[in-house]
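Labels below follow one simple rule: chain letters A, B, ... track the order of the sequence lines, proteins then strands, and each chain is numbered from 1. Since the structure is predicted, the reported quantities are computational estimates derived from the model, not experimental observations.
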Amino acid sequence: MRRALAALVVTAVAVVLLARYDTDPPRTLNPNSALRPAASAAPAPRATPRPGEKSASGPVITTPFSVIQVRATLTRGRLTGVETVELTGDGPHTEALNARAEPILRAEALKAGSADIDVVTGATYTSESWRDSLQAAIDAAREQR
Amino acid sequence: MTLRVEHVMGIPVRVDVRAPVAAGVLDDVFAWFRDVDARFSPYVRESAVSRRARGEAARDADLDAVLARCEALRRATGGYFDVHATGALDPSGYVKGWAVDRAGALLDAAGVARWCVDAGGDVLVRGGGWRVGVRHPDRPHALAGVVAVDDGAVATSGAYERGAHVRDPHTGCAPAGVRSVTVLGRELATADAYATAAFAMGERGPAWTARLRGHGAMTVLAGDRVLATPSFLARCPGGSLAASLSFG
């Protein structure tokens with residue numbers, strides 16, 4: 001959570017710096033950014049600005065907990081509002097699990113099959129398997145003249 | 001090219017040598033396994049383990065080293081690998097892999113270039129080009145996948161035919177939702193302990209295996225779903241478990 005908060009703070013500061021020099025919100029997401037943009041996410045909605053007020057949205061960020069976008073508002077050069085918009089429809093917890101699980105584990109549907117192998121793991125414990133193993137060993141030994 | 005299978009340490013142990021091997025080397029290897037059985041079996045009344053479990057003094061430097069390593073593994077697995085899980089001291093779950101690792105050192109020292117030791121379905125290979133099938137947890141004669149291993153260990157913990165022999169030491173119950181865990185690593189003893197621990201963790205096991213350094217893992221979940229780490233899948237011919245079954 002601390003990392004997500006840190007990312008938020010950094011983004012907010014970045015947005016504030018951008019907004020100070022740019023009246024338009026930054027539309028182009030940095031393709032080299034480590035904070036991966038979500039392709040389908042829509043930009044955060046803009047409210048009608050009051051006089052002297054500038055607002056801008058930061059890039060869409062995928063945090064370990066959700067996909068978010070931060071919007072900062074400056075009034076005459078001073079930060080007067082930071083809004084965090086969550087762009088994901090799913091609960092943040094599910095999103096967090098998916099975001100974390102994706103790079104470290106990959107899911108597959110299990111298929112049973114056979115293949116040319118030298119040895120089997122998870123194979124034998126009982127005397128029945130022991131006999132199978134012995135038989136296989138005898139068979140294999142027979143093949144090696 | 002030599003193959004020898006003996007029933008020792010309560011399991012069939014199979015040594016498959018595919019390189020020149022001097023006479024007597026395999027005799028030494030199996031003599032070592034019998035020596036381990038005599039000293040470490042909890043079923044042998046006068047073994048060092050049985051005497052230590054009864055609180056008697058039993059001097060054995062190997063046993064001290066084994067128990068120290070088991071304690072380190074207990075901490076590394078959050079208590080899920082525990083040689084006291086059944087109430088009495090029983091380091092068998094570590095000793096089998098340790099004995100195989102030491103047998104491997106004997107084979108290496110004897111200059112044997114390519115060999116495979118299979119201790120009841122836990123495997124250590126050396127010399128390259130070994131294809132290790134992962135048994136399907138619910139179909140005894142089918143494979144769930146194949147991994148290609150040059151030098152290293154493959155250990156599997158699962159429900160299998162002995163029934164639920166692994167229990168969560170915290171609850172005393174068999175883990176739910178997980179059918180088997182296979183771990184790839186350098187040493188069999190550690191890979192085996194990690195597989196046992198991850199299996200006992202139940203559905204939290206896969207995430208735990210994903211954080212292990214230097215080890216790959218696959219977990220077969222109920223409902224024929226598999227979660228595998230990238231380093232495990234990298235060892236599957238074709239890059240996936242399904243593809244690995246159609247190779248060769």
Toward chain A, the part of [X] with a non-hydrogen atom under 4.5 Å:
X        : value
B/Arg139 : side chain
B/Leu233 : side chain
B/Val220 : side chain
B/Ala155 : backbone
B/Val123 : side chain

*Would you give the length of the straight line joining atom CG of A/Asp118 to atom CZ of B/Arg18, rounded to the nearest 0.5 angstrom?*
4.5 Å
*Are side-chain heavy atoms of A/Arg106 and B/Val226 found at a separation under 4.5 Å?*
no
*Can you find a heavy atom in the side chain of A/Val119 that is under 4.5 Å from one in the side chain of B/Arg131?*
no
*asked:* Whether the side chain of A/Thr121 engages the backbone of B/Asp122 through a donor-acceptor N/O pair (distance < 3.5 Å, no angle test) should be reported.
replied: no
*Would you say A/Glu108's side chain and B/Ala228's backbone share a donor-acceptor pair under 3.5 angstrom?*
no
*Go through B/Leu143 and A/Val120 one step at a time and tell me if the side-chain contact (heavy atoms from CB on, under 4.5 Å) criterion holds.*
CA-CA 8 Å; B/Leu143 299 177; A/Val120 180; 4.3 Å; yes
*Salt-bridge test for B/Asp224 and A/Lys111: reply yes if a basic N is under 4.0 Å from a carboxylate O, no otherwise.*
no
*Under a 4.5 Å heavy-atom cutoff, which of B/Gly145, B/Ala148, B/Ala217, B/Pro206 has the most pairs with chain A?*
B/Pro206
